[in-house]
Amino acid sequence: MSRIPLIAGNWKMYKTGPEAVETGAHLASLSSDVSDVEIMIAPTHLSLALVSHALKGTRVKTGAQNLFHEDEGAFTGEVSAKMIKSAGAEYAIIGHSERRQYFQETDQSVCKKVQAAVAGGLKPILCIGETETQRDQGKTFFILDKQVSDGLKASGPGDLEDLVLAYEPVWAIGTGRTASVEQVEEVHRHLRSKISTLFSNELADRTRILYGGSVKPDNVSDLMSIEDVDGALVGGASLDADQFIKIINFNK
Ligand code: PGA
């Protein structure tokens, strides 16, 4: 099965509404002739509706950086899948390492969020990744397996047709250090076989597995040439449309 590459930008806590709309519109004009690559940006919750509205009918889709698992209720400060969907988003990033590290997210809360995203009609991008210490201790595969199986525990294969996995080694995020081609190759192959064991060959075949962690215009083609890499989740280098378009055009 051929998987359409997904190049996704995670804008984290950067850009006001007008700044996000301006960068989004610039990216849309730069990407108007891009084909065979899906493009997504995830601005803050506050800018999501504005950006989604401004980008309607363009090649650039939008996603949220997080969500809360309940539909609605007395949960001050939280946003549901239904609200994100109605703001015009198609994707939701779930369990990013910064959420796990600074906001106490666990595999259990991530699991609920994946379920809520799917129930709310959003495509989940489940982020997983080991810390440097875990890698040094030889625990990489143990940690990744746990994050995948616990994060997807409550879902059946029928729920996960649009699942995207993002392998982001914590030590490579925002550090300028990228995992080597051999490290990425080994992990992505392992993750696909994990999905196959947990669910089915068919689901493993269709699941896109993105790499994230210091992806830049000058390393993206090497990463994208790896067989089981189906796209990239890009932080810093997605904030500038002129940089990000070079990543999107990795095969040109
Ligand atoms: P980075 O961030 O590209 O700035 O390393 C990646 C991410 O956090 O998704």
Side-chain angles (χ1 to χ4, degrees), residues 3-73 75-96 98-99 110 112-127 155 159-166 208 210 212 230-235 237-241 243-245 247-248:
R3 296 175 290 268
I4 298 171
L6 171 63
I7 305 290
N10 172 10
W11 284 359
K12 308 192 179 185
M13 199 175 75
Y14 290 99
K15 297 185 190 293
T16 61
E19 288 165 354
V21 168
E22 192 188 328
T23 309
H26 185 41
L27 182 66
S29 77
L30 293 173
S31 61
S32 58
D33 62 348
V34 171
S35 55
D36 304 329
V37 177
E38 203 179 339
I39 308 166
M40 187 278 268
I41 51 176
T44 67
H45 281 336
L46 208 54
S47 303
L48 190 54
L50 285 173
V51 173
S52 303
H53 182 73
L55 297 184
K56 230 187 173 120
T58 74
R59 302 266 315 139
V60 184
K61 298 173 174 177
T62 58
Q65 299 175 16
N66 180 32
L67 55 82
F68 188 58
H69 67 268
E70 294 286 350
D71 276 350
E72 60 179 19
F75 302 105
T76 302
E78 294 297 330
V79 172
S80 72
K82 191 166 99 185
M83 294 165 189
I84 289 166
K85 177 86 180 170
S86 92
E90 189 170 321
Y91 286 91
I93 298 172
I94 297 173
H96 188 279
E98 286 150 18
R99 302 282 329 156
V110 164
K112 289 184 188 165
K113 289 180 184 209
V114 170
Q115 264 193 305
V118 172
L122 296 168
K123 298 174 179 170
I125 302 181
L126 170 59
C127 300
S155 310
D159 302 324
L160 298 176
E161 293 195 343
D162 295 316
L163 172 70
V164 178
L165 278 185
R208 288 179 293 181
L210 316 184
D230 308 307
L233 182 54
V234 186
S238 71
L239 292 167
D240 180 286
Q243 285 293 306
F244 195 36
I245 192 69
I247 295 178
I248 293 163

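Residue numbers count from 1 along this sequence. Side-chain atoms are counted along with the backbone in the values below, which use heavy atoms only and exclude waters and symmetry mates.
- Closest non-hydrogen pair, Gly17 versus Leu50, comes out as CA-CD1, 3.8 Å.
- Residues passing the side-chain hydrogen bond (donor to acceptor under 3.5 Å, both in side chains) test with Lys85: none are found, sequence neighbours excluded.
- Within 6.0 Å of NZ in Lys12 there are more than 12 heavy atoms belonging to other residues, nucleotides or ligands.
- Arg99 pairs by the salt bridge (Lys or Arg N to Asp or Glu O under 4.0 Å) definition with Glu105, not counting sequence neighbours.
- Distance alone, capped at 3.5 Å, is enough to place a donor-acceptor pair between the Glu19 side chain and the Thr16 backbone.
- Taking both residues in full, the closest heavy atoms of Asp230 and Leu210 are given as O-CD2, 3.8 Å, listed atom of the first, atom of the second, then distance.
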Donor-acceptor pairs under 3.5 Å, side chain of residues 36-49 to any protein atom, not counting sequence neighbours: which ones?
unit_1	atom_1	unit_2	atom_2	d
Glu38	OE1	Tyr91	OH	3.3
Glu38	OE1	Arg208	NH1	2.7
Glu38	OE1	Arg208	NH2	3.3
Glu38	OE2	Lys61	NZ	2.9
Glu38	OE2	Tyr91	OH	2.6
Thr44	OG1	Leu46	N	3.4
Thr44	OG1	Ser47	N	3.3
Thr44	OG1	Ser47	OG	3.4
His45	NE2	Asn66	O	3.4

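- Residues Ala54 and Val21 share a closest heavy-atom pair of CB-CG1, 4.0 Å.
- Side chains of Asn10 and Ile93 form a contact here, defined as non-hydrogen atoms less than 4.5 Å apart.
- The distance from atom CD1 of Ile125 to atom CG of Leu165, rounded to the nearest 0.5 Å, is 10.5 Å.
- The CG atom of Leu27 sits 6.5 Å away from the CG atom of Leu30 when rounded to the nearest 0.5 Å.
- In this structure, Gly120 and Ala81 approach most closely via the heavy-atom pair CA-CB, 4.1 Å.
- The side-chain heavy atoms of Ile7 and Phe244, taken from C-beta on, include a pair separated by under 4.5 Å.
- The local environment of CD in Glu22 is sparse, with at most 12 non-hydrogen atoms from other residues, nucleotides or ligands closer than 6.0 Å.
- Salt-bridge check for Lys82 with Asp71: failed, with every basic side-chain N at 4.0 Å or more from each acidic carboxylate O.
- A donor-acceptor pair under 3.5 Å is absent between the side-chain atoms of Ser31 and the main chain of Val34, judged by distance alone.
- We find the CH2-OG1 distance between Trp11 and Thr62 to be 10.0 Å, quoted to the nearest 0.5 Å.
- Note that CD of Glu90 is 3.5 Å distant from NZ of Lys123, once rounded to the nearest 0.5 Å.
- The shortest distance between side-chain heavy atoms of Leu126 and Val164 does not fall below 4.5 Å.
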message: If you apply the rule side-chain contact (heavy atoms from CB on, under 4.5 Å), what do you find for Ser80 with Glu70, and how did you get there?
response: CA-CA 6 Å; Ser80 72; Glu70 294 286 350; over 6 Å; no
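- Residues Ala89 and Ser52 share a closest heavy-atom pair of N-OG, 4.1 Å.
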- request: Could you check Ser238 against Ile247 for side-chain contact (heavy atoms from CB on, under 4.5 Å), going step by step and ending with a plain yes or no?
  value: CA-CA 8 Å; Ser238 71; Ile247 295 178; over 6 Å; no
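- Summarising the geometry, atom CD1 belonging to Ile84 is positioned 4.5 Å from atom CG belonging to Leu67; distances are rounded to the nearest 0.5 Å.
- The side-chain hydrogen bond (donor to acceptor under 3.5 Å, both in side chains) search around Lys15 returns Thr23, not counting sequence neighbours.
- For the pair Pro124 and Val118, the tightest heavy-atom approach, listed with the atom from each and the gap, is CG-CG2, 3.9 Å.
- Looking at residues two or more places apart in sequence or on another chain, you find a side-chain hydrogen bond (donor to acceptor under 3.5 Å, both in side chains) between His26 and Asp242.
- Residues that satisfy the ring-ring contact (aromatic ring centres under 6.0 Å, His included) test with Phe75, not counting sequence neighbours, are Phe68.
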